[in-house]
Amino acid sequence: MPDKKVSHNNQKKIAAINDYSGFGRCSIAVELPVISAMKIQCCPMPTSIFSNHTGFDSFYFKDFTENMPPYMAEWKKLNLKFDGIVTGFLGSHNQIAIVEEFFKNFKTEDNIVVIDPVMGDYGNLYPTYTDETCQEMKKLVKYADILTPNLTEACIITDEPYRPDYSKLVAMGPSKIVITGIQRGHYIGNYCYEKNREDYLIKTMKVGTQRSGTGDIFASIIAADAVNGVNFHESVRKASTFIKKCILKAIEMDIPLTDGVPFEELLTTLK
């Protein structure tokens with residue numbers, strides 16, 4: 001009898017295109033356990049390798065650009081199908097074209113693309129980013145079903161110095177947008193847009209200080225929930241609440257700000 005044809009697509013999968021940081025709890029090191037905890041296989045595609053993230057005084061950085069095309073080619077050979085794709089930190093502007101090629105190969109009418117346009121925070125670019133990279137990043141927004149910028153990144157994408165133009169983000173194509181980390185007195189707000197629905201703000205009580213990796217946790221939950229068919233409003237609220245609990249646990253355990261949040265302590269509560 002002929003051998004049964006092997007399929008690698010019998011379980012939900014999300015491709016996570018992001019950097020790998022060995023220490024600091026961010027990027028792939030966060031996405032892999034969070035997405036897995038939500039019962040979806042996470043398939044990382046590294047964009048760069050860091051010993052620890054760029055929030056530290058020094059770090060080792062290895063650009064993975066030249067390795068990405070052959071890495072992707074092996075996934076094509078395996079005929080992998082992804083229910084979701086989530087992008088994060090890109091190590092160079094040349095990687096934008098590679099990620100576009102990834103979308104051409106793996107994006108379908110049925111899967112969900114989440115773009116987390118990691119470029120900066122608190123009004124500043126991250127150290128490895130350039131203006132050219134930021135301009136190229138705008139090209140990826142049109143592929144997004146869901147866009148998850150923070151306030152700084154939303155301003156960069158819309159070419160506004162202080163306040164993002166929400167209509168510009170919508171015109172770029174995403175059907176859902178959440179702008180994270182908006183300060184509102186004692187609250188942190190997430191401004192949400194959904195096509196054919198009135199915009200809304202989801203607020204959670206501010207605790208502690210923002211830490212590395214919380215954006216990656218947020219995007220991971222949003223992506224996994226989208227693949228699992230969870231309502232967007234419910235998903236944003238779940239992600240916000242989970243991060244708040246993680247920050248409180250970090251304060252309790254006296255975790256340094258650079259070291260992110262001890263989400264491992266709470267991972268079993270994430271459904």
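Bear in mind that the values here come from a model prediction, so they are computed numbers and not experimental data.
- A continuous path of ILVMFWY side-chain contacts below 4.5 Å connects Tyr71 to Leu78, so both sit in one hydrophobic cluster.
- For the pair Val34 and Leu270, the minimum side-chain heavy-atom distance is below 4.5 Å.
- By the neighbour-count criterion of 12 heavy atoms within 6.0 Å, atom OH of Tyr187 is sparsely surrounded, having that number or fewer from other residues, nucleotides or ligands.
- For the atom pair Met172 CE and Thr158 OG1, the distance stands at 7.0 Å (nearest 0.5 Å).
- Residues that satisfy the side-chain hydrogen bond (donor to acceptor under 3.5 Å, both in side chains) test with Ser240, not counting sequence neighbours, are Asn190.
- The minimum heavy-atom distance linking Ala219 with Thr148 is given by the pair CB-OG1, 4.2 Å.
- Between Asn52 and Ser58, the closest heavy-atom pair is ND2-O, 2.9 Å.
- In plain terms, the two heavy atoms of Ile222 and Ile146 that are nearest each other are CG2-CG2, 3.9 Å.
- Remark: Met38 CE to Ser220 OG distance equals 9.0 Å, nearest 0.5 Å.
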(request) Could you give me the CA-CA distance, side-chain angles and deciding distance for Ile157 and Leu169, then say whether side chain to side chain contact (heavy atoms under 4.5 Å, CB included) is met? (result) CA-CA 8 Å; Ile157 292 170; Leu169 290 176; 3.6 Å; yes
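- With values rounded to the nearest 0.5 angstrom, Thr214 atom OG1 is found 6.0 Å from Ile247 atom CD1.
- The shortest distance between side-chain heavy atoms of Lys138 and Asp159 falls below 4.5 Å.
- Hydrophobic clustering (side-chain heavy atoms under 4.5 Å, transitive across Ile, Leu, Val, Met, Phe, Trp, Tyr) groups Phe82 together with Ile115.
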(request) Take Lys107 and Asp145, measure what salt bridge (charged side-chain N to carboxylate O under 4.0 Å, His left out) needs, and give me the verdict at the end. (result) CA-CA 11 Å; Lys107 180 173 170 54; Asp145 296 298; 3.5 Å; yes
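- Between Lys249 and Glu252 there is a salt bridge, with a side-chain nitrogen of the basic residue lying less than 4.0 Å from a carboxylate oxygen of the acidic one.
- Cation-pi contact between Arg25 and Phe23: absent, since separation from the ring centre below 6.0 Å together with deviation from the ring axis within 45° is not met.
- Across every non-hydrogen atom of Phe56 and Gly24, the tightest pair is CE1-CA, 4.4 Å.
- In this structure, Tyr166 has its ring center under 6.0 Å from that of Tyr191.
- Criterion: ILVMFWY side-chain heavy atoms under 4.5 Å apart, direct or through other members. Under it, Val227 and Leu80 are not part of a common hydrophobic cluster.
- Minimum heavy-atom separation, Ser175 to Tyr193: O-CE2, 3.6 Å.
- Side-chain atoms of Thr180 and Asn150 form no donor-acceptor pair, as typed in the model, at a separation below 3.5 Å.
- Distance OG1/Thr47 to CE/Met45: 9.0 Å, rounded to 0.5 Å.
- Neither side chain, Asn111 nor Lys81, offers a donor N or O lying under 3.5 Å from an acceptor on the other.
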(message) One pair to check against salt bridge (charged side-chain N to carboxylate O under 4.0 Å, His left out): Glu136 and Lys139. What are the steps and the verdict?
(response) CA-CA 6 Å; Glu136 290 290 302; Lys139 294 181 180 179; 3.2 Å; yes
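- With hydrogens and angles ignored, the 3.5 Å screen pairs no side-chain donor or acceptor of Arg211 with any backbone N or O of Cys246.
- Using cut-offs of 30° and 60° for the angle between ring planes, the Phe106 and Trp75 rings count as perpendicular.
- Following chains of ILVMFWY side-chain contacts shorter than 4.5 Å, one can reach Ile217 starting from Ile40, so the two form part of one hydrophobic cluster.
- In summary, the side chains of Thr65 and Asp63 do present a donor paired with an acceptor at a separation below 3.5 Å, with no hydrogens or angles considered.
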(request) Assess whether side chain to side chain contact (heavy atoms under 4.5 Å, CB included) is satisfied between Cys192 and Ile202, documenting all intermediate values. (result) CA-CA 8 Å; Cys192 301; Ile202 293 179; 4.2 Å; yes
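- Remark: the Thr108 side chain and the Asp110 side chain contain no N/O donor-acceptor pair separated by less than 3.5 Å.
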(request) Begin from the C-alpha positions of Tyr20 and Ile49 and carry the test side chain to side chain contact (heavy atoms under 4.5 Å, CB included) through to its verdict. (result) CA-CA 5 Å; Tyr20 175 77; Ile49 308 296; 4.1 Å; yes
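- Looking at Leu90 and Ile96, their side chains come closer than 4.5 Å, going by heavy atoms from C-beta outward.
- Residues Val236 and Phe218 meet the side-chain proximity criterion, which asks for heavy atoms closer than 4.5 Å.
- Within a 6.0 Å radius of CD in Glu198, no more than 12 heavy atoms belonging to other residues, nucleotides or ligands are found.
- Side-chain atoms of Ser21 and Ser27 form no donor-acceptor pair, as typed in the model, at a separation below 3.5 Å.
- With rounding to the nearest 0.5 angstrom, the CD atom of Gln41 is 10.5 Å from the NE2 atom of His8.
- Using modelled atom types and a 3.5 Å distance limit, the side chains of His53 and Ser212 yield a donor-acceptor pair.
- No donor-acceptor pair under 3.5 Å is formed between the side chain of Thr133 and the backbone N or O of Ser92.
- Glu160 places no side-chain N or O within donor-acceptor distance of the main-chain N or O of Asp165, the cut-off being under 3.5 Å.
- Taking CD1 from Ile243 and OG1 from Thr204, the interatomic distance works out to 8.5 Å, rounded to the nearest 0.5 Å.
- Comment: Glu234 does not engage Arg237 in a salt bridge, judged by the lack of any side-chain N to carboxylate O separation of less than 4.0 angstrom.
- A donor-acceptor pair under 3.5 Å is formed between the side chain of Asn105 and the backbone N or O of Glu101.
- Under the 3.5 Å distance criterion, the side-chain polar atoms of Lys62 are left unmatched by any main-chain donor or acceptor of Ser48.
- Aromatic ring pairs are classed by plane angle as parallel below 30°, tilted from 30° to 60° and perpendicular above 60°; the pair Phe89 and Phe50 is perpendicular.
- Side chains of Asp225 and Ser235: a donor on one and an acceptor on the other come within 3.5 Å.
- Judged purely by atom type and a 3.5 angstrom limit, Asn228 has no side-chain atom pairing as donor or acceptor with the backbone of Val230.
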(request) Assess whether side chain to side chain contact (heavy atoms under 4.5 Å, CB included) is satisfied between Asn18 and Thr87, documenting all intermediate values. (result) CA-CA 6 Å; Asn18 209 337; Thr87 72; over 6 Å; no
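- Heavy-atom minimum distance, Glu153 versus Val118: OE2-CA, 3.3 Å.
- No path of Ile, Leu, Val, Met, Phe, Trp and Tyr side chains, each step under 4.5 Å between heavy atoms, connects Met72 with Val86, placing them in separate hydrophobic clusters.
- For the pair Pro117 and Leu140, the minimum side-chain heavy-atom distance is 4.5 Å or more.
- More than 12 heavy atoms of other residues, nucleotides or ligands lie within 6.0 Å of NZ in Lys238, so this atom counts as buried by the packing criterion.
- The distance between the ring centers of His233 and Tyr200 falls below 6.0 angstrom.
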